[in-house]
Amino acid sequence: MEGAMRKTMSSGSVHMEMEDIDNKFQEAYGEHNATEDQLITPWTVSVASGYSLLRDPIYNKGLSFTEKERDAHYLRGLLPPALFDQELQERRMMHNLRNYDVPLHRYIALMDLQERNERLFYKLLIDNVEELLPVVYTPTVGEACQKYGKIYRRPQGLFISLKEKGKILEVLKNWPERNIQVIVVTDGERILGLGDLGCQGMGIPVGKLSLYTALGGIRPSACLPITIDVGTNNEQLLNDEFYIGLRHKRARGQEYMELLDEFMYAVKKNYGEKVLVQFEDFANHNAFELLARYSSSHLVFNDDIQGTASVVVAGLLAALKLVGGTLAEHTFLFLGAGEAGTGIAELIALEISKQTGAPVEETRKNIWLVDSKGLIVRSRFESLQHFKKPWAHDHESIKDLHDVVQAIRPTVLIGTSGVGKTFTKEVVEAMASINEKPLILALSNPTSQSECTAEEAYTWSQGRAIFASGSPFDPVEYDGKVFVPGQANNAYIFPGFGLGLIMSGTIRVHDDMLLAASAALAAQVSQENYDKGLIYPPFTNIRKISANIAAKVAAKAYELGLASRLPRPKDLVKFAESCMYSPRYRSYL
């Protein structure tokens, strides 16, 4: 469709027809064709030449502008005479990044690049994903959010505060892009394991959407980061002269819900039925309510509840090849009973139910949760929050995690507590005494909040643990053997999951789509990965992984009658790949 469109580059009276260029690049740049409904009628984009062109991150190529392009677009003298291709620019940028000793400085440099040269930023991220993922995402993004007021340069998304109540639709129209397909929104109350960071939580939607593009191939122009600012209860931020948000305590109750209702109405009104809204880092008391409130009327997805659950179930399915048995034969113990813990537990119960035919109420019985007050048991039922009640089983009350492990004798230990160092030596040794190959997942982010380190898990289990974490850890050598810890990173799931929803025109999210994504990810783990003790594939193949996840999610959407893009493509994997954004430079001649 893009080839049928006319793009005109202009400077004063200078106009250049781009139709031939678009035809030439239609196959290489097919990312616009499949993931959006486009009008057949031609349209015109005006792109300034000269100095303005160099300051436009969408079109700027820096030293990669050719001699002819420099002549055609009044760039002579505005650039040094050298010509660098995109690969040389990439090598230079990576060289510069590696010279920074402080991860936050790498983050700032990458954000500056994104605001200066969008395609080079995404090429860097795609080609060096394992090295740069910890910079644009956890753990470095956590520090970036803590210091966001000090490093803030220019808007990378929309800030919607209580000041905009009654005017949110107008605010959305201030964003320059009209065809938005994915919105990641946070209210900043529970950023990773760092707590309430208020308006400074914007680093999370920005980081997530950069991964939607790099890993899932969603066009950058189709992504919109949003922070909803209702105040903060973080006294340190309220007293910080550089804090960029509202300086009052958080709004609660009716005032909060009215703002969210207006926001969701405005999003649907402005962008249509099929825009995906991903809730990110909302506190427990709002996360579950918002998901329940809008899931029947909007295309919504909570990454902390559903994305985390899907990636963990994928790891468990893969781990069965190493530990043996079926999911139904294992006993699961969670430290942490918030969004992530209960979300994972419920998806495990659903998967076991599908495998065995047993009702979910029955499959939950092998899944135990521990919160700050100890093991969740029936005697605590009346005082429990609603999302914890399904996990209140008949058992005596136990406070200490080590004692819980001894009593429940789990085969799988999963940490979603947001509290570091809680998988102590005694706890890991107890898991190792019960199981030949204890499966230990320390999922809390950032690294400082991880329940244990990879080295601790391998050392305390005498090299027998199968370990994965939320944030990355380096390989560990123990007893002459090198162990490569896996990372149960949501970035495996949400980019491909979102691509699958968008390319099929899905109108609602269903739990079966999450299980389809889990199975697709588990299927990508190779024997070579298993031989290293890995239960997740390497991120180097993430675009292939995302295409396979997208295909399975889309297939499930069609099966459930929730996909609106018809006819259904014959080969969904190839279709997914054809939808993906390419960061390669275009010729402007």
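Along the sequence shown, residues are numbered consecutively beginning with 1. Just so it is clear, the structure is predicted and the values come from calculations on it, not from any experiment.
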| request: Tell me, please, which residues at least two apart from Asn489 pass side chain to side chain donor-acceptor pair (under 3.5 Å). | output: none
| query | Who passes salt bridge (charged side-chain N to carboxylate O under 4.0 Å, His left out) against Glu177, sequence neighbours left out? | reply | none
| request: Would you please name every residue forming a side chain to side chain donor-acceptor pair (under 3.5 Å) with Asp511, sequence neighbours left out? | output: none
| message | Which heavy atom of Val136 sits nearest to which heavy atom of Met111, and what is that distance? | response | CG1-CE, 4.2 Å
| task | Establish, from distance only, whether the side-chain atoms of Ser518 and Ser310 form a donor-acceptor pair under 3.5 Å. | result | yes
| query | So which pairs with a foot in residues 103-113 pass side chain to side chain donor-acceptor pair (under 3.5 Å), sequence neighbours left out? | reply | Asp112-Arg153
| field | Under the side chain to side chain donor-acceptor pair (under 3.5 Å) test, residues paired with Lys150 that sit two or more places apart | value | Asp240
| said: Can you tell me if Arg55 has over 12 outside heavy atoms packed within less than 6.0 Å of its CZ? | reply: no
| Using a distance-only test with no angle check, is there a side-chain donor-acceptor pair under 3.5 angstrom linking Tyr137 and Asn445? | no
| request: Mark yes when over 12 heavy atoms from residues, nucleotides or ligands other than Lys544 sit less than 6.0 Å from its NZ; otherwise mark no. | output: no
| query | With sequence neighbours excluded, what pairs up with Ser444 under the side chain to side chain donor-acceptor pair (under 3.5 Å) test? | reply | Glu451
| query | With sequence neighbours left out, which residue pairs that include part of residues 512-570 fulfil the ring pair (Phe, Tyr, Trp, His ring centres under 6.0 Å) condition? | reply | Tyr492-Tyr536, Tyr492-Phe539
| Lys/Arg-Asp/Glu bridge criterion (N-O < 4.0 Å) met for Glu87, Lys123 | yes
| field | Tyr148: ring pair (Phe, Tyr, Trp, His ring centres under 6.0 Å) partners, not counting sequence neighbours | value | none
| field | Any residue meeting ring pair (Phe, Tyr, Trp, His ring centres under 6.0 Å) with Phe159, in chain and number order, not counting sequence neighbours | value | none
| query | If you take all heavy atoms of Pro537 and Ile545, which pair is closest and at what distance? | reply | CG-CD1, 3.5 Å
| message | Show every ring pair (Phe, Tyr, Trp, His ring centres under 6.0 Å) that has at least one partner inside residues 495-515, sequence neighbours left out. | response | Phe301-Phe497
| query | For Asp531, does the CG atom have more than 12 heavy-atom neighbours from other residues, nucleotides or ligands under 6.0 Å away? | reply | yes
| said: Taking ring pair (Phe, Tyr, Trp, His ring centres under 6.0 Å) as the definition, give me every residue that meets it alongside Tyr294, ordered by chain and number, with sequence neighbours left out. | reply: His298
| said: Just to verify, what does Phe263 make a ring pair (Phe, Tyr, Trp, His ring centres under 6.0 Å) with, not counting sequence neighbours? | reply: none
